[in-house]
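What follows is a single structure, written as structure tokens, with notes after it.
Below, chain A is the first sequence line, B the second, and so on; all start at residue 1.
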There are 2 protein chains.
Amino acid sequence: MNPDGPLVLIVEDEAPVRLFIRASLAAHGFRPIEATTEPEALAMTDRHRPTLILLDLDLPAAQGVELVRTLRGSTKAPILVISARGQEDDKVAALDAGADDYVTKPFGVNELLARMRVALRYATTIDEPRKATAALSFGGLRIDLEQREVTSGGRAIRLTPTEYRLLVLLAQNAGRVLTHRQIQEGVWGAGHADQPHRVRVYMAVLRKKLEDDPAWPRHIVTEQGIGYRFREASSA
Amino acid sequence: MNPDGPLVLIVEDEAPVRLFIRASLAAHGFRPIEATTEPEALAMTDRHRPTLILLDLDLPAAQGVELVRTLRGSTKAPILVISARGQEDDKVAALDAGADDYVTKPFGVNELLARMRVALRYATTIDEPRKATAALSFGGLRIDLEQREVTSGGRAIRLTPTEYRLLVLLAQNAGRVLTHRQIQEGVWGAGHADQPHRVRVYMAVLRKKLEDDPAWPRHIVTEQGIGYRFREASSA
DNA sequence: GCCAATCTTGACGGCATCTTGATACGCGGC
DNA sequence: GCCGCGTATCAAGATGCCGTCAAGATTGGC
């Protein structure tokens, strides 16, 4: 096992799945540690400070979502939630509670590893360059937080206050999934999280202004039934 | 913690928000100190002379605006006000009372840091070169306070007395938001702060005379519902 | 008192923003 | 294939603030 690999806590009560994940991670340079219950997960987190946490929502007593909340209070490590099909509500609740991303069972090893890498990349880029980030850059897109200016490929983009706020929220959580609720609370404040329609309208506007081809967005990605995700432009 | 970082006083009564801000500032090289009540804020300000003050308007007893006024009387440090959505009136009142800028909750860390940097930059540039504040320069724009002459890109600009007073007011508060009230009191004196219309007329004139493209001003920026802000021309 | 420069005021148009409704699309389930 | 859910997009409306033009009032110099 790679002694320098990222420490990953697996919270999973079903032994076969746990073993499968452990083997997969170990084979790819991670150092897996394990927990099967809520208190165990908390103890492991406090003691070993894992770099990333994999959490199956199918925990006994359905305490998964609460566990996410508790963990989020004690660590900044990215939390990836594993949920079964048809568990959409739990998944959204877990994200609302602070999870960073999700994987749906059944999943392939490569999918899981890819998600983990993305989560780790963004976690470290947020944490490491403690130097003041006056601007956010994603490929040709640049957001100047001081001047409150957005440029795409050099040309300036005019955004209304709400549009700007939404974009900044997305960009600052690049790589993460943001639920409808999180987006609305972030843009309109708490207590205004019941009109997902508005969000869609603004997403459409942002895409039209930012994306080269709004019908095939490269930055603003829809997560069906969950919310949206901002990512760096992929190689088209 | 960086022992040389700017000392920032956080005035915030809600513990979670306060901790969040403190952690964010400490992680970016600032030295945060804290207060949760009005008298505490005043005491901390007198004793530690912070370089910048972050003040949540949601203080108990709604004393936020009054506190701004009092603080302004005892320190020249920039005051950044934190207000919630829908608190537009309080926000404007706080700016009138002497606050330098505002951030709207909920806000991102980077957004907050960006505002702080802007405030600190202008505060020091105003404070340090006490020598010969005979002229102000912003990119191609130059205001000679002794000769009472304004040039843009070398060519002289003819301004009427009122136009000149307005421009100087804006330029001397570059980076800050100036409310309609402040502008009117600054240009026409106290007791003439109820005709925002005049201000718009003069802003239009100034833009026509100073800006390359008055329809897209680079110096004189409108702050909807608040007032105006003068800034250096960005790199377009 | 006259003139020119300046300032004020009114009116209008415009723009921007935000919201809401209507409609079409896309995808998966049945 | 049909249906239903969630989504994308367009359109229209309400509101309030802003920018601009131009006429009228004022001021100050002579």
Side-chain angles (χ1 to χ4, degrees), chain A residues 84-89 91-92 104 148 150 157-167 170 177-181 183-184 186-189 191-211 213-229, chain B residues 85-86 88-89 91-92 104 148 157-167 177-181 183-184 186-189 191-211 213-229:
Chain A
R85 264 182 207 289
Q87 255 188 333
E88 306 298 317
D89 291 351
K91 188 193 302 176
V92 173
T104 306
R148 200 194 163 286
V150 178
I157 309 258
R158 270 181 83 84
L159 295 182
T160 74
T162 305
E163 289 159 14
Y164 178 78
R165 215 173 161 65
L166 175 57
L167 175 61
L170 288 171
V177 190
L178 290 176
T179 66
H180 286 291
R181 167 170 298 276
I183 291 170
Q184 292 180 75
V187 175
W188 286 274
H192 297 81
D194 48 357
Q195 286 140 288
H197 185 42
R198 289 187 304 191
V199 180
R200 297 199 185 100
V201 174
Y202 276 97
M203 289 295 178
V205 174
L206 270 188
R207 279 174 175 157
K208 191 149 73 175
K209 289 188 177 181
L210 300 179
E211 305 272 8
D213 180 3
W216 197 342
R218 308 202 307 163
H219 284 116
I220 300 174
V221 184
T222 304
E223 295 278 337
Q224 288 253 0
I226 313 275
Y228 295 84
R229 183 199 301 266
Chain B
R85 288 225 141 199
E88 307 297 317
D89 292 351
K91 186 195 302 178
V92 174
T104 306
R148 200 196 163 285
I157 307 264
R158 228 183 110 76
L159 295 181
T160 73
T162 305
E163 289 160 15
Y164 180 76
R165 253 181 296 150
L166 175 56
L167 175 60
V177 190
L178 290 177
T179 66
H180 287 291
R181 167 172 297 276
I183 292 171
Q184 293 179 76
V187 175
W188 287 274
H192 298 79
D194 48 357
Q195 287 138 291
H197 185 44
R198 288 188 304 193
V199 179
R200 294 195 190 104
V201 174
Y202 276 97
M203 289 295 176
V205 175
L206 271 188
R207 278 174 176 157
K208 192 148 72 176
K209 290 187 177 181
L210 300 180
E211 305 272 8
D213 179 4
W216 197 334
R218 307 204 306 164
H219 285 115
I220 300 175
V221 183
T222 304
E223 294 274 336
Q224 286 242 10
I226 313 272
Y228 294 85
R229 184 200 300 266

* Structure fact -> side chain to side chain donor-acceptor pair (under 3.5 Å) filter on A:Thr104, not counting sequence neighbours, yields none

* Scan for salt bridge (Lys or Arg N to Asp or Glu O under 4.0 Å) pairs involving residues 158-167 of chain A, sequence neighbours excluded, and state none if there are none. => A:Glu163-A:Lys209

* **Nucleotide interval of DNA chain C bounded by contacts with chain B (heavy-atom cut-off, under 4.0 Å)** => C:dT6 to C:dA11

* **Under the salt bridge (Lys or Arg N to Asp or Glu O under 4.0 Å) test, residues paired with A:Arg207 that sit two or more places apart** => none

* Pair listing, side chain to side chain donor-acceptor pair (under 3.5 Å) test, anchored in residues 196-206 of chain A, at least two apart -> none

* Between protein and nucleotides 10-19 of chain D, map the contacts as a letter string: B base, S sugar-phosphate only, - none, heavy atoms under 4.0 Å, written 5' to 3'. => S------SBB

* Asked: Can you name the residues that form a side chain to side chain donor-acceptor pair (under 3.5 Å) with B:Gln195, not counting sequence neighbours?
  -> none

* Asked: Whole Å only: how far is the CD1 atom of A:Ile220 from the P atom of D:dT9?
  -> 11 Å

* Asked: Sequence neighbours excluded, which residues qualify as side chain to side chain donor-acceptor pair (under 3.5 Å) partners of B:Glu211?
  -> none

* Asked: Among all residues two or more places apart in sequence or in another chain, which pass the side-chain contact (heavy atoms from CB on, under 4.5 Å) test with A:Val92?
  -> A:Asp96, A:Thr179, A:Ile226

* Distance in Å, B:Leu167 CG paired with B:Leu159 CG, rounded so as to fall on 0.5 Å steps -> 6.0 Å

